Structure formats: structure tokens, C-alpha cells
Amino acid sequence: MQTVPIALLGCGTVGSGVVRMLTEDAEFLAQRTGLRFDVRYVLALQANPKARVALTGAKWVTSMDPILADKDVGIVVELIGGTTFALECSKAALSAGKALVTANKAMLARHGGELFPLAHSTDSCIGFEAAVAGGVPVILGLRDGLVANRIRAIYAILNGTANYILTEMTGANKPYEQALAEAQAAGYAEADPTYDVDGIDAAHKIAILAGLAFGEDIAFDRIRIEGIRGLQLDEIVNARQLGYVIKMLAVAERMSDRRLSLRVHPCLVAKDNPLASVDGPFNAISMFGHAVGHVLMYGRGAGQSPTASAVVSDLVDVAIGHARRRFQSLKIWPGKTRPAQIVSTDNLVSRFYLRLQVADQPGVMAQVTRILGSHQISLSSVLQKEVPLTGPVNVVITTHRAREGDLRAAVDEIDRLPVTKAATAWLRVIDLPAEGIDAGDEWNRKE
Ligand code: NDP
Ligand code: HSE
């Protein structure tokens with residue numbers, strides 16, 4: 001039996017979940033792995049913070065110094081969050097040659113370019129299974145299971161809080177604010193929940209996945225990010241009537257010119273697509289590889305114990321020596337890969353949903369269809385809901401495939417018409433890629 005001393009930075013929702021798992025499941029883990037984890041230090045804001053967990057034997061510290069000085073501690077688990085103090089501590093741990101285990105996707109997406117090369121230079125490693133999709137082992141899946149695949153695309157639900165909100169608004173007609181408050185109370189949300197609802201957290205995660213999947217360095221600022229904050233109930237109701245569900249998807253896709261499209265946005269997903277049935281705090285990741293075809297991973301993407309499950313998996317991986325060896329041999333980490341070329345969403349082609357609010361008078365539809373036609377946008381369906389009184393009417397349109405830049409230009413023009421009474425709401429309608437396991441597709445050719 002090997003005892004593994006570790007230091008824990010931050011003991012909030014996830015940190016206390018890790019402590020609970022390491023104490024309550026100590027015997028079970030020891031039997032399976034031959035390891036016993038000894039939480040020797042907990043770094044927290046105060047020397048005696050609100051004890052969320054019963055932890056005996058650990059020293060509560062307020063600085064990294066004693067942790068760095070303790071040569072027996074080879075693994076530092078960062079569960080503070082954010083990109084300031086957590087980054088400082090992570091760099092200090094790696095510089096001292098200690099392995100870093102972290103759930104901090106914001107830090108990795110924005111500072112991976114510094115942290116990964118640092119870990120290499122000190123013969124250390126970084127475990128980050130918990131940073132993407134909570135308890136779903138998607139990092140392991142991409143990094144190991146799919147290593148032989150050229151990945152064409154990833155379509156994923158990566159934020160449990162936003163998905164919980166959409167599920168509750170759709171299924172239970174709950175107001176947005178109530179659903180968000182419930183997600184926060186359940187421990188799903190970030191310390192600043194705007195990261196969840198504005199799509200930033202999902203963008204952090206897709207940046208990490210895309211880097212691994214495509215073997216390219218991702219500049220986080222090039223990701224197009226649209227959240228769910230401005231989404232109206234009308235869109236949810238109309239989508240349902242049309243046979244769709246609204247989901248906030250994170251997408252990373254190799255285009256035919258080899259550039260990448262990276263984006264997070266709410267969109268209409270057909271009800272028979274597996275992603276449409278992913279509800280509440282669950283995440284799902286659809287990945288398309290040239291050899292394997294379509295792989296779908298599903299599970300709890302947020303919350304204390306699913307995330308602790310991923311952290312403990314990394315701890316075992318580091319302690320038995322796999323993580324360090326893999327980290328030093330594979331060439332899929334930031335700093336080992338070339339910079340990605342990223343396309344603007346204006347050049348993407350997809351179907352669209354539009355809701356216009358226009359005056360109910362003759363000739364209005366003619367003006368709208370003329371504008372759409374002049375931008376090469378062809379209509380697939382039009383629905384005008386009958387209203388009892390005079391006043392603006394909602395006209396719901398779906399289009400055939402069109403260029404996003406053309407759609408934006410058309411919407412701008414429609415919104416300037418005197419008959420338009422409010423800004424047009426529009427969303428993308430998503431078609432997942434064909435499986436494409438045949439060799440010969442343009443994205444499938446060798447580098
Ligand atoms: P919490 O806010 O619950 O916990 C953060 C902890 O860090 C708290 O104990 C806090 O102390 C402590 N802390 C904050 N600032 C400092 C500081 N300057 N010095 C020392 N300690 C500090 O966050 P979570 O546990 O939810 O999240 C932790 C990380 O895990 C984040 O990176 C998050 O994105 C990630 N994550 C979270 C998931 C979830 O479902 N919650 C899922 C996957 C990843 P205090 O208690 O005193 O405020
Ligand atoms: N706030 C995140 C979410 C936690 O809701 O998905 C998991 O990373």
C-alpha cells in the first residue's frame with residue numbers, strides 16, 4: 001500500500017467533495033488502486049475556514065510556502081477557480097516540479113500556453129479531467145481512446161447550469177431567474193454565474209477539447225460566444241411547435257479548407273437528435289472521428305460528486321505514474337502544437353430560425369421575402385400566428401441553408417423597415433455532420 005501526500009487548494013463545492021470521497025471511500029480506493037491519499041495541506045482563505053467537511057490531520061494554510069517546501073507532497077490539487085491567485089499557485093506548484101490536478105477550465109483555456117510548457121520544462125504534468133464535462137471522462141476519451149482519430153467535429157452540451165435553465169424553462173415553464181437560482185443552490189454554477197449563462201464557461205471547455213482533438217493551439221479570444229441570457233420564451237415555444245428543442249451548444253469543427261470553426265451559441269436541435277434529450281445538469285459530447293465515426297459521451301457535467309469523481313481519477317492517474325509518462329510523450333498539449341487558423345462565423349452555412357415582429361398589414365411579407373431573396377436566403381417554412389387585436393404580429397420563418405453573413409445582413413435590413421416593430425430574433429438550426437467514416441472526405445486527408 002502506498003500513501004500519497006497531497007495538497008488541496010480551495011475547499012468549496014468541489015474541494016469538499018474530493019475530501020469526502022478520499023475519506024469516505026478510502027478503503028474502496030485502496031483496494032482498487034493500492035493507494036491511500038493523505039490530504040496533508042488545505043490552502044483556504046482563512047486558517048480555519050467554514051469546515052464543510054470533516055478533515056482531520058490536514059494543516060490549514062493560507063500560503064503556498066509550506067506546500068512548496070514539503071518535498072513529500074508531489075501533487076497539488078487546485079480547486080479555487082479563476083485566473084489570478086489560482087494561476088499563481090499553479091505556476092508555483094509546477095515550477096517546484098509538483099504535478100497539478102485542476103478543474104479550472106478558465107485558467108487552462110486562457111493560460112494553457114504558459115502552464116503546459118512549464119509542466120514540460122519541470123518534468124511534471126497536469127491532470128484536468130474535471131475541467132470539462134464534470135464527471136464525464138471526455139479528456140481521457142479524446143486523449144487516449146480516440147488518439148488514432150483525425151477529429152472532424154465536436155458538438156457538445158458543456159454547461160450544466162445553462163442546460164438546467166433551458167430544461168426548466170422548456171419543461172416546467174419556469175422563469176429564467178428561478179431556474180438560475182436553483183442551479184446555483186445545487187452547486188452547478190460558477191462563482192460568477194454570468195460565465196454560465198453567457199456561454200463563457202462552455203467556450204473555455206470547447207477551447208480545451210478543440211486543442212486536444214485537433215492538435216492545435218486555440219486562441220480563446222477567437223471563439224464566437226453567444227449565451228442564453230437574451231433568449232425569449234417565444235423561441236422555446238416556437239421551436240417546440242416546429243419539432244425542435246433549444247440547446248446551448250459548443251461546437252468545434254474542421255472546415256474543408258482545414259481551418260477551424262469554434263463557437264458557443266443557443267440553437268435549434270431536432271427532437272430526434274440525442275443532444276435534444278440531454279436535460280438538467282447533464283452534459284453530452286458528440287465527437288466525429290475519421291476512423292471511429294460518431295462517439296457520444298453523456299453524464300453529469302456539474303455538481304460536487306461528479307466533479308470530485310473526475311478529480312480523484314486524475315489523482316490515481318498521477319500517483320501510479322501514467323499521467324507524467326503520457327504527458328511527456330504525447331504531443332497534443334498547448335506549446336507542442338501549431339496555432340489554429342479560425343474562421344469567422346460569417347462564412348458558416350446553416351439553416352436559420354427567425355421571429356419577426358411586424359405590422360399586420362398588406363405587403364409586409366412581400367418586403368421581407370424580397371430582402372431575404374436578395375441575400376440568397378430561401379424560405380423553408382413561414383408561420384404567422386393569428387392575433388385578436390390590431391398590433392404587431394409574430395412571423396416565424398425557417399430558412400434553407402444560407403451563409404451566416406448573408407443572414408445577418410438580411411436581418412439588419414429587415415429591422416430597418418418601417419413595418420418592423422421590434423428587433424428580429426434569430427437562431428441557428430443545427431444539422432450534425434454525417435458520420436463520415438469513409439476515407440476520402442476533404443477533411444479526412446492527411447496533414
Ligand atoms: P467554490 O467557490 O465553491 O470553491 C472555491 C474555494 O476556493 C472556496 O473554498 C474558497 O474559499 C476558496 N478560495 C477562493 N479564493 C481563494 C483564495 N484567494 N485563497 C484561498 N482559497 C480561496 O467553487 P467550486 O468548488 O464550485 O469550483 C472550484 C473550481 O472547480 C472552479 O475552477 C470551477 O470552475 C471548477 N468546477 C466546478 C464545478 C462545479 O460543479 N461546481 C464542476 C467542474 C469544475 P471560501 O469558501 O472561503 O470562499
Ligand atoms: N458551472 C459549470 C457548469 C460547472 O454549470 O457546467 C461545471 O464545469
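What you see is a predicted model; the values in this text were computed from it and never measured. First listed ligand is number 1; within each ligand, the first listed atom is number 1.
Taking a cutoff of 4.0 Å between a charged side-chain nitrogen and a carboxylate oxygen, Arg20 and Asp25 do not qualify as a salt bridge. A salt bridge does not link Glu216 with Arg258: every distance from a Lys NZ or Arg NE/NH1/NH2 to an Asp or Glu carboxylate oxygen is 4.0 Å or more. Using a cutoff of 4.0 Å between basic side-chain nitrogens and carboxylate oxygens, Glu253 and Arg263 are scored as salt-bridged. Ion pairing between a basic and an acidic side chain is recognised when a charged N comes within 4.0 Å of a carboxylate O; Lys98 and Asp70 show no such pairing.
Atoms of ligand 1 found under 4.0 Å from any heavy atom of Cys11 (numbered from 1 in listed order, with element): 6 (C), 9 (O). Each of the following atoms of ligand 1 lies closer than 4.0 Å to a heavy atom of Leu79: 5 (C), 6 (C), 7 (O), 28 (C). Every atom of ligand 1 is numbered from 1 in the order shown, and the set under 4.0 Å from a heavy atom of Gly303 is 39 (C), 40 (O). Close contacts of ligand 1 with Gly81, meaning ligand atoms under 4.0 Å from a residue heavy atom, involve 31 (C), 32 (O). Close approach to Gly10 involves these atoms of ligand 1, each under 4.0 Å from a residue heavy atom: 6 (C), 7 (O). Close contacts of ligand 1 with Phe85, meaning ligand atoms under 4.0 Å from a residue heavy atom, involve 17 (C), 18 (N), 19 (N), 20 (C). Atoms of ligand 1 lying under 4.0 Å from at least one heavy atom of Gly12, given by number and element, are 3 (O), 4 (O), 6 (C), 8 (C), 9 (O), 25 (O). Of all atoms in ligand 1, numbered sequentially from 1 with element shown, those under 4.0 Å from a heavy atom of Gly187 are 39 (C), 40 (O), 41 (N).
Under the 30°/60° scheme for interplanar angles, the aromatic rings of Phe288 and Tyr155 are found to stand perpendicular. Ring geometry for Phe128 versus Phe116: interplanar angle over 60°, hence perpendicular rather than tilted (30 to 60°).
Gln31 and Glu27 form no side-chain donor-acceptor contact under 3.5 Å, judged by distance and modelled atom types alone. Counting only N and O atoms by type, the side chains of Ser381 and Thr398 include a donor and acceptor under 3.5 Å apart.
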>> I'd like to know whether Trp426 forms a ring-ring contact (aromatic ring centres under 6.0 Å, His included) with Tyr353, so could you lay out the CA-CA distance, the side-chain angles of the two residues, the decisive distance to 0.1 Å, and finally the verdict.
In response: CA-CA 5 Å; Trp426 66 271; Tyr353 156 100; over 10 Å; no
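Proximity of Ala103 to ligand 1, defined as any heavy-atom pair under 4.0 Å, is shared by backbone and side chain alike. Contacts of Met107 with ligand 1, taken as heavy-atom pairs under 4.0 Å, are absent altogether. Only backbone heavy atoms of Ala130 (N, CA, C or O) come within less than 4.0 Å of ligand 1; its side chain stays farther off. Of the heavy atoms in Gln304, none comes closer than 4.0 Å to ligand 1. Contact annotation for Ala302 and ligand 1: heavy atoms of both the backbone and the side chain come within less than 4.0 Å of the ligand.
Between the side chain of Glu177 and the backbone N or O of Leu180, no donor-acceptor pair lies under 3.5 Å. Between the side chain of Arg338 and the backbone N or O of Asp217 there is no donor-acceptor pair closer than 3.5 Å.
In this structure, His290 and Arg152 have side chains that are not in contact, with every pair of non-hydrogen atoms separated by 4.5 Å or more. Between Val269 and Leu249 the shortest side-chain heavy-atom distance falls below 4.5 Å.
At a 3.5 angstrom cut-off on N or O pairs, Ala44 does not count as close to ligand 1.
When the heavy atoms of Val132, Ile80, Thr307 are ranked by distance to atom 15 (N) of ligand 1, first place goes to Ile80.
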Enumerate, one pair per line, all nitrogen or oxygen atoms of ligand 2 lying under 3.5 Å from a protein nitrogen or oxygen, stating the separation to 0.1 Å; write 'none' if no such pair exists.
from, atom 1, to, atom 2, distance (Å)
ligand 2, 1 (N), Tyr188, O, 2.7
ligand 2, 1 (N), Glu190, OE2, 2.7
ligand 2, 1 (N), Asp196, OD1, 2.7
ligand 2, 5 (O), Gly160, N, 3.4
ligand 2, 5 (O), Thr161, N, 2.9
ligand 2, 5 (O), Thr161, OG1, 2.7
ligand 2, 5 (O), Tyr188, O, 3.0
ligand 2, 5 (O), Asp196, OD1, 3.4
ligand 2, 6 (O), Gly160, N, 2.7
ligand 2, 6 (O), Lys205, NZ, 3.1
ligand 2, 8 (O), Lys105, NZ, 2.5
ligand 2, 8 (O), Lys205, NZ, 2.8

